[in-house]
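Notes to accompany the following structure.
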Amino acid sequence: MSFLSTQDYTTHQNIDMHQQIIDLNPERTKFLNFLLTKQEKATSPKVYWIEEELSDAAETIAEGGDAPDFVKDSPKEIDNHLEIFSATASVSTTRQESVGVGIQDEMAREVAKKASSIKRLAEKKLLYGNKRFAQGKRETNGIFNQVDPTHQFTGQLTAETFDQTLLALYEAGVNYNMQVFCSAHVKNIIDKFDESKVRHLTADKMYGYTIDRYSTAYGDVTFVDVPGMNRDDLLVLNDEFVTLPVLYGLKGSYLGKKGSLDSFFMETQMGVKLLNRKAAATFKIEAPATGE
C-alpha cells in the first residue's frame, strides 16, 4: 500500500486519511477494520442511544376477541465518550534527504508507522477501554464493558461452555449474523472440538482479512482471529447491533519545519456503541484452581 508522500501536502493543510487507515495492514487490526464498516457520523464527543428492552407483548386471542392490553417497553438510555487517538511523525532533514535501501520517502514511512500505532491503540480501547472523563480527556467504554453482565462467562473453554456462550445470543433472539472475535490461542482450542459440536464450513476474505465460517447448534458463526485481543478472551456479537460513531475520521496535518525537523500530526475521535447489551457475549478462560 502506498502512503502519502511529502509532495501530497502543504503546511497546515488538513488531509483526509480515511482510506489509508482502512488499507493499512488489516490483518493486524481486524476488529477495527470490521468496525470501520459500521461507521456513523457523530455530532458531539459524547453519544447517547436508547436500548429498547423487548417485553413479552404478544399473545393469542379468540376469534372475535378483544385487542390485548398495551404493554410498554422499558427504554434505557446509554452513553459513551468518543476518544481522541493521535500521533505525530517527525523526521530530520538529514533522514529525509538520505537515501535508504528500499525507502524513497522517509516521512511517508514514519507517517505509516504512526498511523499503524493509532490503529492498534484505537482497536485495544474499542475492545477493552473504561469510560471516564477527567481533565478534559475523554476515554471510551470498550465493547467488553458494554456487554450485559449475564452474558459474561468465565471458566475452562470446552465445547459445552462455548455452547453456553452462543446460547446466550440464541435465547436473546439475536443468534443470526454472529461473529466471534478471539485470539489465535482461543481459536486453536475451538478447532479441536468434536465436529458434532463445531464444524468448519469454509475460509473466506472479508473487509480485507481472512475469516472462517463454522456451523454450530445455535447457528452459523464467522470466526475472526484478532492478534490484538488478550490471549484468553472471546467475544461473540450480532453485527447488526454494533456501530462506530466517529466525530471526525483520521486526518493529518503537516506542521512544517521547526529547525531541522519536519513533523506531521494525525488524529481521529471515535467510540463504539453496542445497541443492545444482550446482542453480545464474552468468555474469559480462567485456569483451574490448584489440585483440580
Side-chain angles (χ1 to χ4, degrees), residues 30-32 34-35 38 40 42 46-58 71-83 123-133 138-183 186 190 198 214 216-224 226 228-245 270-286:
K30 299 176 186 178
F31 183 68
L32 178 57
F34 158 72
L35 288 178
K38 303 289 184 179
E40 63 180 23
K46 189 172 185 179
V47 292
Y48 301 84
W49 65 100
I50 299 295
E51 178 186 60
E52 291 286 341
E53 183 179 326
L54 299 179
S55 58
D56 297 325
V71 178
K72 185 179 180 180
D73 288 335
S74 304
K76 296 179 181 177
E77 185 177 83
I78 308 173
D79 62 72
N80 199 5
H81 293 301
L82 306 186
E83 189 164 345
E123 180 180 78
K124 198 75 170 179
K125 296 299 287 290
L126 294 171
L127 282 164
Y128 299 113
N130 291 287
K131 184 177 68 176
R132 67 191 296 263
F133 180 60
R138 298 180 186 273
E139 296 186 57
T140 198
N141 213 26
I143 198 162
F144 268 77
N145 292 317
Q146 297 183 40
V147 175
D148 189 280
T150 64
H151 282 206
Q152 298 178 20
F153 304 100
T154 60
Q156 290 299 292
L157 184 58
T158 64
E160 289 69 29
T161 56
F162 180 64
D163 269 359
Q164 177 190 35
T165 308
L166 298 183
L167 177 63
L169 271 69
Y170 179 85
E171 292 183 336
V174 291
N175 62 313
Y176 54 95
N177 297 334
M178 288 192 294
Q179 294 204 37
V180 169
F181 298 91
C182 61
S183 68
V186 169
I190 293 171
V198 180
Y214 288 73
T216 76
Y218 299 108
D220 290 349
V221 181
T222 298
F223 273 78
V224 183
V226 181
M229 284 185 67
N230 294 343
R231 183 176 186 268
D232 294 327
D233 286 349
L234 176 150
L235 167 71
V236 55
L237 56 79
N238 180 312
D239 68 14
E240 290 189 7
F241 289 84
V242 62
T243 65
L244 181 77
M270 63 178 69
V272 64
K273 288 164 54 174
L274 183 60
L275 303 180
N276 187 303
R277 288 169 295 177
K278 290 189 175 182
T282 62
F283 192 95
K284 185 173 185 64
I285 299 174
E286 290 187 346

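Between the side chain of Asn141 and the backbone N or O of Asn80, no donor-acceptor pair lies under 3.5 Å. With hydrogens and angles ignored, the 3.5 Å screen pairs no side-chain donor or acceptor of Gln152 with any backbone N or O of Ala281. No donor-acceptor distance shorter than 3.5 angstrom exists from the side chain of Lys131 to the backbone of Gly142, with no hydrogens or angles considered. Under a 3.5 Å cut-off, the side chain of Thr282 and the backbone N or O of Leu235 do not form any donor-acceptor pair.
Considering OG1 of Thr140 and CG of Leu127, their distance stands at 11.0 Å, rounded to 0.5 Å. We find the CG-CG distance between Asn175 and Leu169 to be 7.0 Å, quoted to the nearest 0.5 Å. Put simply, CG on Leu167 and OG1 on Thr216 are 10.5 Å apart, with the number rounded to the nearest 0.5 Å. Rounding to the nearest 0.5 Å places CG of Asn145 at 10.5 Å from CD1 of Ile143. Residue Asp239 holds its CG atom at 8.0 Å from OG1 of Thr222, rounded to the nearest 0.5 Å. Taking NZ of Lys124 as the reference point, atom CG of Leu32 lies at 13.5 Å (rounded to 0.5 Å).
Listed by chain and number, the residues in a side chain to side chain contact (heavy atoms under 4.5 Å, CB included) with Asp233 are Tyr128, Phe144, Met229, Asn230, Lys284 (sequence neighbours excluded). Residues passing the side chain to side chain donor-acceptor pair (under 3.5 Å) test with Lys125 are Glu83, Glu139, sequence neighbours excluded. Scanning for side chain to side chain contact (heavy atoms under 4.5 Å, CB included) contacts around Ser183 gives His185, Val186, with sequence neighbours left out.
Between Lys278 and Glu171 there is no salt bridge, since none of the side-chain N atoms of the basic residue sits less than 4.0 Å from a carboxylate O of the acidic one.
Between Leu126 and Met270 the shortest heavy-atom distance is CD1-SD, 4.0 Å. Across all non-hydrogen atoms, the minimal contact from Leu274 to Gln146 is N-OE1, 3.0 Å. Here the closest heavy-atom approach between residue Thr165 and residue Phe283 is recorded as OG1-CD1, 3.5 Å. Scanning all heavy atoms of the two residues, the minimum distance from Met178 to Val174 falls at CG-O, 4.2 Å. Residues Phe223 and Cys182 approach most closely at CD2-SG, 4.3 Å, considering heavy atoms. Minimum heavy-atom separation, Ala42 to Leu82: CB-CD1, 3.5 Å.
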Taking it one step at a time, do Trp49 and Leu275 satisfy side-chain contact (heavy atoms from CB on, under 4.5 Å)? CA-CA 7 Å; Trp49 65 100; Leu275 303 180; 4.1 Å; yes
Might you work through the side-chain contact (heavy atoms from CB on, under 4.5 Å) test for Val47 and Asp79, ending with a clear yes or no? CA-CA 5 Å; Val47 292; Asp79 62 72; over 6 Å; no
Might you work through the side-chain contact (heavy atoms from CB on, under 4.5 Å) test for Lys76 and Arg277, ending with a clear yes or no? CA-CA 11 Å; Lys76 296 179 181 177; Arg277 288 169 295 177; 3.2 Å; yes
Working for side-chain contact (heavy atoms from CB on, under 4.5 Å), residues Phe181 and Lys30: CA-CA 9 Å; Phe181 298 91; Lys30 299 176 186 178; 5.7 Å; no
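Using the six-membered ring where Trp is involved, Phe153 and His151 have ring planes that are parallel, under 30° apart on the 30 and 60° scheme.
Residues Phe162 and Leu166 form a side-chain contact, since some pair of their non-hydrogen atoms from C-beta on lies under 4.5 Å apart. Side-chain contact check for Val180 versus Leu234: some heavy-atom pair is nearer than 4.5 Å. Residues Leu244 and Glu40 form no side-chain contact, since every pair of their non-hydrogen atoms from C-beta on lies 4.5 Å or further apart. Put simply, the side chain of Pro245 reaches to within 4.5 Å of the side chain of Lys273, judged on heavy atoms. In this structure, the side chains of Val242 and Val272 come closer than 4.5 Å at one or more pairs of heavy atoms. Taking the side chain as every heavy atom from C-beta outward, Tyr218 and Asp163 approach each other to under 4.5 Å. With a 4.5 Å cut-off on side-chain heavy atoms, Leu35 and Glu123 do not count as touching. Counting heavy atoms from C-beta on, the side chains of Phe241 and Asn177 never come closer than 4.5 Å.
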